[in-house]
Protein chains: 4
Amino acid sequence: MPRLLLCGFEPFGSDSVNPALHIIEALDGQRLALPDREHGSVEIIACRVPVTRFAAIDSVVEAIGVHAPDVVIMLGQASGRSAITPERIAINLDDYRIADNGGHQPVDEPVEPGGPDGCFTTLPIKAMVSDLQAAGLPASVSYSAGTFVCNHLFYGIQRHLADSPIRSGFVHIPALPEQSLDGRLPTMSLDSLLEGVRTLCLSAMSHHEDVRIGGGNIS
Amino acid sequence: MPRLLLCGFEPFGSDSVNPALHIIEALDGQRLALPDREHGSVEIIACRVPVTRFAAIDSVVEAIGVHAPDVVIMLGQASGRSAITPERIAINLDDYRIADNGGHQPVDEPVEPGGPDGCFTTLPIKAMVSDLQAAGLPASVSYSAGTFVCNHLFYGIQRHLADSPIRSGFVHIPALPEQSLDGRLPTMSLDSLLEGVRTLCLSAMSHHEDVRIGGGNIS
Amino acid sequence: MPRLLLCGFEPFGSDSVNPALHIIEALDGQRLALPDREHGSVEIIACRVPVTRFAAIDSVVEAIGVHAPDVVIMLGQASGRSAITPERIAINLDDYRIADNGGHQPVDEPVEPGGPDGCFTTLPIKAMVSDLQAAGLPASVSYSAGTFVCNHLFYGIQRHLADSPIRSGFVHIPALPEQSLDGRLPTMSLDSLLEGVRTLCLSAMSHHEDVRIGGGNIS
Amino acid sequence: MPRLLLCGFEPFGSDSVNPALHIIEALDGQRLALPDREHGSVEIIACRVPVTRFAAIDSVVEAIGVHAPDVVIMLGQASGRSAITPERIAINLDDYRIADNGGHQPVDEPVEPGGPDGCFTTLPIKAMVSDLQAAGLPASVSYSAGTFVCNHLFYGIQRHLADSPIRSGFVHIPALPEQSLDGRLPTMSLDSLLEGVRTLCLSAMSHHEDVRIGGGNIS
């Protein structure tokens, strides 16, 4: 059975929860039926990732080695976004506005000295956005995963899998309603997020080539 | 058994759905147990309201006459808001940025010629916000219900019930996820909205005096 | 010569400057030629207002007594707004999210016990918005002046002048560029603000009746 | 005398003006005194760029050949931004949400087939942001230049100059006040923009190495 490694970050900053962690724990071990195949399903394997510059990549690299997944999807929280947003590109930059959970706060340092400036996702992100919207969920492509541990991990894993058939990428998700009780930030319910991530996983497994649908930004 | 008249608008403008309508239809006839009373519950009675300047108030006034509710809560959609927002004040102004569903588009006309400039809600809105947040739902007081049919109805009903023991007010709710598939606007899931409106109804029934909790804006 | 009392608040909260104060000091004593009259101009008289619940109204009432102006325009800063926004209505509510400069932080108290819930501006705000836009400046009507000292003063002066021929109202203005160096909030340059307030003053003097132009909000 | 090629786009989409064009025309031929050098100044040479996929890069490449500048700064309008935002990275992607001025609307096509996924700016963007803020102007680093002609040009020129000592990069600027008269979008005055771009030019000429100041995003 094909396997999908679903990675989620622990809480960080001033937040005591991270929706990514709730989601990977809820989906861990589930087998999702693949709609486009006559037989077969995909097994979801959860990977909990520390929000620490010098541990995040290693923890996912190790899980890839252990589980040999077909696809790796990394999830992180993006406070202030109102949609599920697959990321297009990881960049070779650590510039942390706050310290990570290990107390590290690098400025203008590379993730990988000498590495390329950017690495595109290898996930079918246009298909994922299209499938999310077809499920009634707000979704769009994002063109910046930030410069914190989310981007750090994303870049590290894209590099690790650069010559591998394993496809991988990062998806930012909105905060939970309970994380913005005063209503200043947009949120998405855990049920919607769970449905969305299930949809993402199936979409990533079903599309080996991405679809060509407009999804750009003017600026 | 006490009764709560729950009013919801039909779709308007470019939207083909209105979450307010889904909610009142889902809750119509339900009996919600009142947590603060030893015995008893409140019956929800739905009232569907046309988005038409010359019909909205009459339709709710008639329903009040028929059902003799203890409390009237009017629901409307506020695209762009990320929280459930009980409104503080209705104003004596019709200034429609778009035409209503009857084709009317007044500019700078009063709802009630000679009426007072503003009318405060008589609902316990601070308690409602507090109870919503305690339920994990984003909520805040709003200080403008706009100048469209929502405000028109709100003003008309506050005036109609000015000397009545029936308490009443307006609550704006976010758009549904399916109404903002590109993710540009914040949304709230129907499940969260249903839980929120149930919470609102119980809160309004349980608090005859509002609680005193800060909930203001600088500007 | 007709006189216009231009009131501006001192800095408050975490800000050490207030654009309103810069503006009234820059325009104090200026005589602006009235475009619509064959002869004549208006003299601007500045009034500096403390951001204190129990002093703000008195300071403007006293200045009105001393100067006997034809028009009173009160200016306050609204961080986060990108336009010059004449306010439509003052409400009878003090609900301070932060303490004022005197340390007062009332919650859900009236400005005037027993006063009406709301008081409309008596300035020609649609004409003012139209004239600002004609001058190339972003402008719109606002339907909430907040619940802090700005609204408190606005309400108090509208009540004080309720039976007077003196017309009065409040205008919120954006923060200055130097107040948002990280670019998170929109701003307006001091030059644009000065041009805008000059335009506002002339517009208020020139229009004894407001023009009828759409300027409402859906919600 | 050192030369700086200052490139600005023509209007596009629904806009009839582009602040970038106003700026380059106003600064064309000016000599700006370099503060950090005992003697000397930099000459600004303007380059007007068509918003057309198949002409933008060529027009700047040609101007570089003719003028042999020391530094190339490309300017584009980013509606909705409230700050001057030097861009960190160009990406190898054309995904146009609207057609360019030549009618082209590519989806998911590379700027340069086989080119690297991303190219960092070679301008001292942290120093530029710092100098802008020191001048009282809102500024921050941006991590996405979009996927339209701005990014297309940025990528093309970074690639063209990859092995050259000429340093280059892209800076997005806010819309002008006259472009957002209803106040829905933040804006920056032409005077502020002119001061900002002069500051940018001097900063880019004065810093051959960038300063190390935090300027990252969480997401």
Side-chain angles (χ1 to χ4, degrees), chain A residues 15-17 19 22 78-88 125-126 128-143 171-197 199-200 213-219, chain B residues 15-17 19 22 78-88 125-126 128-143 171-197 199-200 213-219:
Chain A
D15 279 310
S16 58
V17 296
H22 287 302
S79 294
R81 295 196 193 170
S82 32
I84 298 175
T85 49
E87 296 288 347
R88 185 102 205 190
I125 55 174
K126 293 289 183 73
M128 290 157 72
V129 165
S130 175
D131 288 347
L132 285 165
Q133 293 182 343
L137 294 169
S140 63
V141 174
S142 166
Y143 294 94
V171 179
H172 268 115
I173 56 177
L176 293 169
E178 68 199 71
Q179 293 178 283
S180 179
L181 289 178
D182 63 5
R184 283 168 203 263
L185 297 177
T187 62
M188 191 173 283
S189 73
L190 186 56
D191 282 350
S192 295
L193 286 172
L194 283 169
E195 183 189 351
V197 173
T199 302
L200 282 179
I213 307 170
N217 289 335
I218 302 293
S219 61
Chain B
D15 279 310
S16 58
V17 296
H22 287 302
S79 294
R81 295 195 194 173
S82 30
I84 297 175
T85 50
E87 295 289 346
R88 185 102 206 190
I125 55 175
K126 293 289 183 74
M128 290 157 74
V129 165
S130 176
D131 289 347
L132 286 164
Q133 293 182 345
L137 294 170
S140 63
V141 174
S142 167
Y143 294 95
V171 178
H172 268 116
I173 56 176
L176 293 170
E178 68 197 71
Q179 292 178 284
S180 179
L181 289 178
D182 63 5
R184 283 168 203 264
L185 296 177
T187 61
M188 191 173 282
S189 73
L190 186 57
D191 282 349
S192 295
L193 286 171
L194 283 169
E195 183 190 351
V197 173
T199 301
L200 282 178
I213 306 170
N217 289 335
I218 302 293
S219 60

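In the text below, chain A, chain B and the rest are named by the order of the sequence lines, each starting its count at 1.
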When every non-hydrogen atom of A:Pro186 is compared with those of B:Ser82, the smallest separation belongs to CA-CB, 3.8 Å

So, for B:Pro138 and A:Ser180, which heavy atoms are closest and what is the spacing to 0.1 Å?
CB-O, 3.3 Å

Return the minimal non-hydrogen interatomic distance between B:Leu137 and A:Leu181, and the atom names on each side.
N-CD2, 3.7 Å

A:Ser192 to B:Ser189 - nearest heavy-atom pair and separation
OG-CB, 3.9 Å

Structural part of B:Leu185 lying under 4.5 Å from a heavy atom of chain A:
backbone

With a 4.5 angstrom heavy-atom cut-off, could you sort out which part of A:Thr187 is near chain B: side chain, backbone, both or neither?
both

Contact class of B:Arg184 relative to chain A, heavy atoms under 4.5 angstrom:
backbone

May I ask you to decide if B:Gly183's main-chain N or O and A:Ser140's side chain share a donor-acceptor pair within less than 3.5 Å?
no

With chain B, which of A:Ala83, A:Pro177, A:Ala135 has the greatest number of heavy-atom pairs at distances under 4.5 Å?
A:Pro177

